[in-house]
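Please read the structure below before turning to the comments.
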Amino acid sequence: MNALAGCDLVWEISHSGLLKQLESTPMPLLGGRVLRTPFDLTVPGPGGTLAHLIVTSSEMDINGDDTVTLTFAFTRSTLIAAAAGQSLYPLDGVLTINVTVRLRTAPTSSAIVLDLPGSVVSLQLSPSSTERLRSAAHDLGLTPDALLAGLANAIATYVRSQPALEVPVPFLVAPDAEGTLQPQVRVRRLRLRCLGPAERTQQGIGLFGALFAGTEDAGDPTTRDHGSVPPGSDVLVGLSRRTFLTFVFYPSLAKNLAAKKGRQQPLPATEIPPPSGTAASITIQGVDVTQIEGMLGQGRLQINTNFHKSVPCAELSGEVVTYVSLALNGNTLVPTPTLGQVNTDTDLDFWCELAGAVVFGPNEVIIGNMVRDTVDGLVRDLVGAGIGSMLKLSLPAPVPGGGVNLDSVQIQPDIFALCAHLLIYRPPPPVPDVTLAFIRKTPIDPKTIPGVWTTQLWCKNEAKSYDYTETRQAQAHTYELQTTLVDLPITVQFSVRGGGGPWQPLTRDSVLGQPAVTIPALECRYPHPLAAGGSVVIRDVTLNYTFTGNQVTLYSQPGQGNFGIELRADVLDATSQPPAGVDPSPYVTLAFTGDQVVMGEVYKSDLRECGKRARAVSEHYAISQSVPRWKMAFTAAERDILDDWEVLTSMPDIGDDAARHFRTAHADVLDRVEAARQTADAELSTGLEVVVSPQLEQSIQALQAALQNARMRQ
Amino acid sequence: MPGYEPIAISTYEDLLEQEPELLHRISELPHGGQLFLMHPLQLFADVGADLPPQVQQEFTDRHGGDPGWSLEPYLALRDSALEQTSRVQVHGLFRRSA
């Protein structure tokens, strides 16, 4: 019994192939992560608790009863009972999930389904963890047995509430339609069989397809008990002899025969010489081909061809056997035909004179060469060249979105198989991390005030009055301390600082009212007066703040303008120590924007016109410049703005005027630069440096002269 | 902001005549010069010279149009008792034609 188990087609994925799939597919079960350890997972526990599991290793087994077993070992984990103010730590053990594997088929898509909702889940805690839970159960209002059972039930409920996990497979299933291999594989019936011996290298999942009417019930996949994918490969696609001839060999033949006859479409079956009989024949290069039969041999294809040729004074007929071996060149199958045995019958006049010359005598060499030349060219032209491309097209891509790399071709009398390994991007496993994550920025009570600014842009001949809109508002900035692979519960102390001052802790136990912190002598920016490029006011800034879990929200107040501060979180893990392997005190820079001006379209249009002139100069000549790393925090569009800013500020004379307008138009971006500059990070202080090339300097001087001339002519 | 004796202004010429007194009052403010640059009309009002609309308009027109004034930074500076990094002293308030 070969890999086909009597079916028309088999598609098999090995243990390693399925693991690659799971390691590249985000799963809701794992909080949207892929199956790569270590990872952490928070699930609801009994009685309003939360179970935080740090999974350090995982294993998978494919079982012969059409199930898959996922085994997760966890350590340094915690049961958090916030209401009782308790955290039970550390916990360790093993979580086992036994999942039924089934097939979902449809005319448009199919998938191997791991049925999590119907899974069997078991939790095995270490003796020390069991004792820890038992001794704390009373404090949680539960009996020890109820707590242990409740935790196991809660985790089982969580697992079973997850959607089924689907691994797409490249098959369409249409019971009443004719089977095809191209452009997609469509079968009349598809059956799944888990191949689950104890040895993982022999485990796999096979899909067995029926392509022909009447073969739906042929074969028996249950006779297969171990995988056929060779080591080093992930998938195997096997075709029966009939499938190979029907969907690969004869279509290839029809296409190549048509090409020899100068026809675009493949020849219909009625015009192709059959394997036996003489129903159809085809004449090519003066040779009548009467029969063509393809076969799978041992390690190669075999093609039997019967032919007949009339030559002056003789009739040649016979049978030629050609062997086609297939070699892999990357992902391409390269066929090499070899002429095998030739059996020839030659009817000729013993002495044949044509136009006075003797053509034939009893000379076997002459006859043999003529026959060999005839059939050799015939086979090469008709069959060999097309097979490789047909096979390539026939290989179903095992997984959407991923590629395959062919490893080997297996040809035996009853099966033609291609083996490949999957090319799938597998994200790296998570690493311990502590992050201050931005959650939201909310305007508070924004007020919009229209205004008019009379000014002369540097590239314009006269002053104009431009409409603008000023928006005054307070803001709320919310950040959350998020951890990955850190032992919970954590303790977080938030602090803020600004204007070069010291860190000030944000206390959680305010005596009266909403807690607040005052940052003294902070540089606050205002866009007005527009003509002066805005103003800077040194002032004390008071921020209110609130906490929600590990989130902090800082509230600015009206009239505080635009300013930057830093927010820091000092973290301790469940052991009351800074978490290892991470920065335990991450900080972020917050840019509060309480006063903004948005210029009207006329102003922006005029400014764009001015910008075009500067850009023309900038793009025409090489500018060498260093790009500080902090710039990467800005979007590409914003970096363009900063680049323009650098060019403008490097231009003497027109630079100040241009820069002032530029600041007005792009105050939001430039304020963020200023906010970043206020931080103590030395890296940021590298600032906006630009090195102007001699060519650019010359062009700037030329531009200045041109502008001056233009002004003098007015 | 100390209380000031109101200065009656009905025409632009009245405003020009009051320049010495206005200068005196402004120079006594902690950030008077800078406040004048930020929003002169508001500063005139704060030091006792509440200009009628037509005088405000004439002042604006004679000085190149509205340069984009806003109360926001003006009030922030006026209410801040801290030393500023930028200090301004004004010696005249109005453009004089030659």
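Since the structure is predicted, the reported quantities are computational estimates derived from the model, not experimental observations. In what follows, chains are A, B, ... by sequence order, proteins preceding strands, each numbered from 1. Note: hydrogens, waters and symmetry copies are ignored here, and every other heavy atom, side chains too, is used.
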Hey, what do you get for [atom1] ([X]) to [atom2] ([Y]), rounding to the nearest 0.5 Å?
X: Leu29(B); Y: Phe36(B); atom1: CG; atom2: CZ; answer: 12.5 Å
X: Gln514(A); Y: Tyr545(A); atom1: CD; atom2: OH; answer: 9.5 Å
X: Ile26(B); Y: His31(B); atom1: CD1; atom2: NE2; answer: 14.5 Å
X: Met38(B); Y: Tyr526(A); atom1: CE; atom2: OH; answer: 8.0 Å
X: Asp66(B); Y: Gln56(B); atom1: CG; atom2: CD; answer: 10.5 Å

Please confirm whether the backbone N or O of [Y] pairs with a side-chain atom of [X], one donor and one acceptor, at under 3.5 Å?
X: Gln84(B); Y: Ile538(A); value: yes
X: Tyr555(A); Y: Ala516(A); value: no
X: Gln456(A); Y: Lys460(A); value: yes
X: Trp69(B); Y: His39(B); value: no
X: Gln18(B); Y: Ile7(B); value: no

> Mind checking which of residues 40-48 of chain B sit less than 4.5 Å from chain A, heavy atom to heavy atom?
Replying inline: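 Interface residues of residues 40-48 of chain B: none, nothing closer than 4.5 Å to chain A.
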For residues 72-82 of chain B against chain A, heavy atoms under 4.5 Å, the residues are Glu72(B), Pro73(B), Ala76(B), Leu77(B), Ser80(B), Leu82(B)
Please tabulate, for the side chains in residues 591-605 of chain A, all donor-acceptor contacts under 3.5 angstrom to protein atoms that are two or more places apart in sequence or on a different chain.
unit_1: Thr593(A); atom_1: OG1; unit_2: Gln475(A); atom_2: NE2; d: 3.0
unit_1: Tyr603(A); atom_1: OH; unit_2: His661(A); atom_2: O; d: 3.2
unit_1: Tyr603(A); atom_1: OH; unit_2: His661(A); atom_2: ND1; d: 2.8

Counting heavy-atom pairs under 4.5 angstrom with chain B, the leader among Pro558(A), Ala531(A), Ser465(A) is Ala531(A)
Item to complete: Go through Pro520(A), Ser535(A), Ala463(A), Gly451(A) and name the one with the most non-hydrogen pairs under 4.5 angstrom from chain B.
Response: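 Greatest number of close heavy-atom pairs with chain B: Ser535(A).
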Original post:
Do Val496(A) and Leu543(A) have side-chain heavy atoms sitting under 4.5 Å apart?
Top reply: no
| message | Does any part of the side chain of Leu15(B), heavy atoms only, come nearer than 4.5 Å to the side chain of Phe59(B), both counted from C-beta? | response | yes
- Item | Candidate pair Asp445(A) and Lys447(A), rule salt bridge (charged side-chain N to carboxylate O under 4.0 Å, His left out), full reasoning | CA-CA 6 Å; Asp445(A) 193 21; Lys447(A) 290 184 173 60; 2.8 Å; yes
Interchain contact, Leu37(B) with chain A, by part (heavy-atom threshold 4.5 Å)
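Answer is backbone: N, CA, C or O of Leu37(B) sit under 4.5 Å from chain A.
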TODO: Please flag which part of Ala532(A) lies under 4.5 Å from any non-hydrogen atom of chain B: side chain, backbone, both or neither.
DONE: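 Neither part, no heavy atoms under 4.5 Å.
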task = Just say parallel, tilted or perpendicular for the rings of Phe94(B) and His63(B), cut-offs at 30° and 60°.
result =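 Phe94(B) vs His63(B) ring planes: tilted.
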| Close contacts, residues 466-474 of chain A versus chain B, judged by heavy atoms under 4.5 Å |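 The stretch touches chain B at Tyr468(A), Glu470(A), Arg472(A).
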